[in-house]
Amino acid sequence: MNELNPVMLAKGVFINNAWRPAASGRVIDVYAPAEGRVFAQIAAGTAADVDAAVKAARHAAEEGAWSRLTATERGRLLSRLAVAIADHAEELAKLEARDTGKPMKQARADIAAASRYFEFYGGAADKLHGETIPFLAGYFVPTERVPHGVTAHIIPWNYPAQMFGRTIGPALAVGNATVIKPAEDACLTPLRLAELAAEVGFPDGAINIVPGLGEEAGAALSAHPDIDFIAFTGSPEVGILIQTAAAKNHIGCTLELGGKSPHVVFADADLDAAIPVIANTVVQNAGQTCSAGSRLLVERKVYEEVVSRLNARFASLRAGSPEMDLDLGPVINAKQKERVESFFAKASADDVGVVAEGLVAEGVPAGGFYVPPRVYGPVPRSHILATQEVFGPVLAVLPFDDEADAIALANGTEFGLMAGIWSTNASRAIRVARKVKAGQVYVNAYGAGGGIELPFGGMKKSGHGREKGFEALYEFSTLKTLIIKHD
Ligand code: NAI
Ligand code: MG
């Protein structure tokens, strides 16, 4: 990055392992959420840049050095990138924290996870193989897992570094060439990671990255006639546009569109274990996590006990700048702050009470996009706090009466991304876990270990397709069957 004090100027769009200015010549201001002021500018990529990036990727996927690597060689490159990320961890964590506002400890954990994605998929690259199918006499029928070709990746701002690893790690492992459109609100670490990938030896065109606005670069990429697959994480509204664009080109896509994920706490739960995890899952990253556990469903007989424990827990939580390194940072931008505050206003207008609350720390930079973490309860079942994704540090508590009621309530939103069941009755925990409609259901835990190894994705309106784990290798490849007749 060039340092143009005080505003950092990102180098442009990254195509064929080289920086070039965006064709538009325009830049986009990037805000430091902790300070609420512009600290960087990124290139405003548009259709022309996307087209150049897709051409570079097409060449890499079919003719270039990338297309000639063996699976083992691709895996080695991914592993080298994992090591390079770990070697640059502090630099990357500082950049990530500045760009997103998250506390340094969170940014460090995110960089470690980004590295781990490349470590995992580096190891997995040469473990994916086909099968042979018994068929007619005189036939030999092997199947082969082949890459889609050029994969497009449109990622959000909440975990830029992790998302970069999560989405291109498996795509590269199976041999696709990638074009990434990172989010305009936070994309400095993906830009730096693409540069690091070139430094460790990724051939030209394997990783291309075009920053820009969603409605310009994002729309151009998703509609490009020469891409073969789209992976998208973001809002349900844009998810519809992405799937429509994919349909027009008759290509596949994965959509990860967030959730309203429940914790289901039965009266026999170990509350000492549960409460800190539950609080953390909605406060982490200021609640801007697709899998945030933002609904807390509590068996009525322990409702008061749970609320009083949450009250004690939240009282000590503080929002602050990355350097203050407290429990949570600001939200990403003024619009997201307004969104969270609009939920606060609606709750207040509807007499839904605050039962626990943390504070914005004293001494935070003026102008930062801070909101206090809050717990509301009892939230009426049809209230927007109980049904809509806030994407902020806001927990809705709802009492339930019995197991059947708990299951109905857990499944009572449009979403189905994640859930946590808390009970010391193993049979009940398993029974309920199997009835809850969500891509991942934890028992007596939630979001453990970052989940790099664990297939992840939505049911219902949380989207479709699976990322993470070995499953992502299937998502980013397709099956080819050879039918060979012999004597
Ligand atoms: P968004 O869906 O607009 O942004 C996600 C990505 O899509 C960004 O890279 C953006 O540039 C791109 N994009 C936007 N419009 C596009 C278009 N027309 N064509 C192609 N790409 C496009 O999300 P936004 O506006 O940043 O946040 C709004 C809400 O979305 C949040 O409050 C939250 O509820 C949800 N969200 C969910 C995320 C998740 O992890 N599931 C991540 C980010 C936001
Ligand atoms: Mg948007």
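Because the structure is predicted, anything quoted here is derived from the model rather than measured. Start at 1 and go down the list; that is how both ligands and their atoms are numbered. The chain is numbered in sequence order, starting from 1. Just so you know, these numbers use all the heavy atoms, side chains as well, and skip hydrogens, waters and symmetry mates.
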Should you measure from each heavy atom of [X], which atoms of ligand 1 turn up under 4.0 Å away?
X	result
Ile242	20 (C)
Leu241	18 (N)
Gly218	19 (N), 20 (C), 21 (N)
Gly258	41 (N)
Gln336	31 (C), 32 (O)
Glu256	41 (N)
Leu257	41 (N)

**Message:** Tell me whether Lys468 forms a cation-pi arrangement with Phe456, defined as NZ or CZ under 6.0 Å from the six-membered ring centre and within 45 degrees of its axis.
**Reply:** yes
**Message:** For Tyr159, does the six-membered ring have the charged nitrogen or CZ of Lys102 within the cation-pi criterion, i.e. under 6.0 angstrom from the centroid and within 45° of the normal?
**Reply:** yes
Just need the protein heavy atom nearest to [atom], so name the residue and atom and give the distance.
atom	value
atom 3 (O) of ligand 1	Val238 CG2, 3.6 Å
atom 39 (C) of ligand 1	Cys290 CB, 3.6 Å
atom 17 (C) of ligand 1	Gly214 O, 3.3 Å
atom 34 (O) of ligand 1	Glu389 OE1, 3.0 Å
atom 10 (C) of ligand 1	Glu184 OE1, 3.6 Å
atom 27 (O) of ligand 1	Trp157 NE1, 4.0 Å
atom 7 (O) of ligand 1	Phe232 CE1, 3.3 Å
atom 9 (O) of ligand 1	Ile155 O, 2.8 Å

**Asked** Is the closest heavy atom of Tyr159 to ligand 1 under 4.0 Å?
**Response** no
**Item:** Contact check, Leu221 vs ligand 1, heavy-atom distance below 4.0 Å
**Value:** no
**Request:** Say whether Gly212, considering both its backbone and side-chain N or O atoms, lies within less than 3.5 Å of an N or O atom on ligand 1.
**Result:** no
**Prompt:** Does any N/O atom on Asn158 come nearer than 3.5 Å to any N/O atom on ligand 1?
**Reply:** yes
Would [X] and [Y] count as a close aromatic pair, with their ring centres under 6.0 Å?
X	Y	value
His383	Phe343	no
Tyr31	Phe39	no
Phe391	Trp157	yes

**Asked** Looking at Gly212 and Lys181, what are the two nearest heavy atoms and their distance?
**Response** O-NZ, 2.8 Å
**Complete:** Counting heavy atoms under 4.0 Å, the part of Gln288 that contacts ligand 1 is neither
**Item:** Residue portion contacting ligand 1 (non-hydrogen atoms closer than 4.0 Å) for Arg339
**Value:** side chain
**Asked** Around atom NZ of Lys435, are there more than 12 heavy atoms of other residues, nucleotides or ligands at under 6.0 Å?
**Response** no
Backbone N/O of [Y] and side chain of [X]: donor-acceptor pair under 3.5 Å:
X	Y	result
Gln440	Ala419	no
Glu35	Gly367	no
Asn208	Val179	no
His148	Ala171	no

**Message:** Closer than 4.0 Å and a protein heavy atom, does any atom meet both conditions relative to atom 19 (N) of ligand 1?
**Reply:** yes
**Request:** Could you check Phe14, Phe118, Trp66 and say which one makes a ring pair (Phe, Tyr, Trp, His ring centres under 6.0 Å) with Phe202?
**Result:** Trp66
**Prompt:** Taking NZ, NE, NH1 and NH2 as the nitrogens, is one of them in Asp228 or Arg58 under 4.0 Å from a carboxylate oxygen of the other?
**Reply:** yes
**Option set Ile154, Asp185, Thr233, criterion heavy-atom distance to atom 5 (C) of ligand 1, minimum** = Thr233
**Request:** Would you mind finding which of Ala219, Pro156, Ala152, Ala292 brings a heavy atom closest to atom 43 (C) of ligand 1?
**Result:** Pro156
**Asked** Would you say Val277 and Trp422 make side-chain contact, with heavy atoms under 4.5 Å?
**Response** yes
